[in-house]
Undergrad: 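I have a structure here, written as structure tokens, and I will follow up with some questions on it.
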Amino acid sequence: MEKWYEQAWGEVCGKLEQTAEQIGASYPHVCKTDVYDCEKAAWWTNGFWPGILWLAYRETKEEGYAR
């Protein structure tokens, strides 16, 4: 039987993959009306997206997160 945190982690990774397709190589700032406002990497919030991807890569070793 799968533990709740394994299921949750699978859902997180699924959401990251969906979001990565939408964002691409840009730096999301905020989400307005279901669309990310991608700005130059100048806002302090721009660091959250790459940080989340690096954490996911550290745990999964999936190259897609590192790219």
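If you read the sequence from its start, that first residue is 1, and numbering goes on from there.
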Undergrad: Checking Trp9 now: which residues fulfil ring pair (Phe, Tyr, Trp, His ring centres under 6.0 Å) with it, not counting sequence neighbours?
TA: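 For Trp9 there are no ring pair (Phe, Tyr, Trp, His ring centres under 6.0 Å) partners, ignoring immediate neighbours.
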
Undergrad: Write down the atom of Trp49, the atom of Ser26, and the distance for their closest heavy-atom approach.
TA: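 Of all heavy-atom pairs spanning Trp49 and Ser26, the closest is CD1-O, 4.3 Å.
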
Undergrad: Tell me who clusters with Leu55, hydrophobic residues only, linked when side chains sit under 4.5 Å apart either directly or through other members.
TA: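 Noted: Leu55 shares its cluster with no other residue.
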
Undergrad: Could you tell me whether a side-chain N or O of Thr19 sits under 3.5 Å from a main-chain N or O of Leu16, the two making a donor and an acceptor?
TA: no

Undergrad: Any side-chain donor paired with an acceptor under 3.5 Å for Gln18 and Gln22?
TA: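 Side-chain D/A pair, Gln18 to Gln22: absent.
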
Undergrad: Enumerate, atom names and distances included, each donor-acceptor pair closer than 3.5 Å involving a side-chain atom of residues 58-67, sequence neighbours excluded.
TA:
residue: Thr60; atom: OG1; partner: Ala56; partner atom: O; Å: 2.8
residue: Thr60; atom: OG1; partner: Glu62; partner atom: N; Å: 3.2
residue: Lys61; atom: NZ; partner: Arg58; partner atom: O; Å: 2.9
residue: Glu63; atom: OE2; partner: Tyr57; partner atom: OH; Å: 3.4
residue: Tyr65; atom: OH; partner: Glu17; partner atom: OE2; Å: 3.4

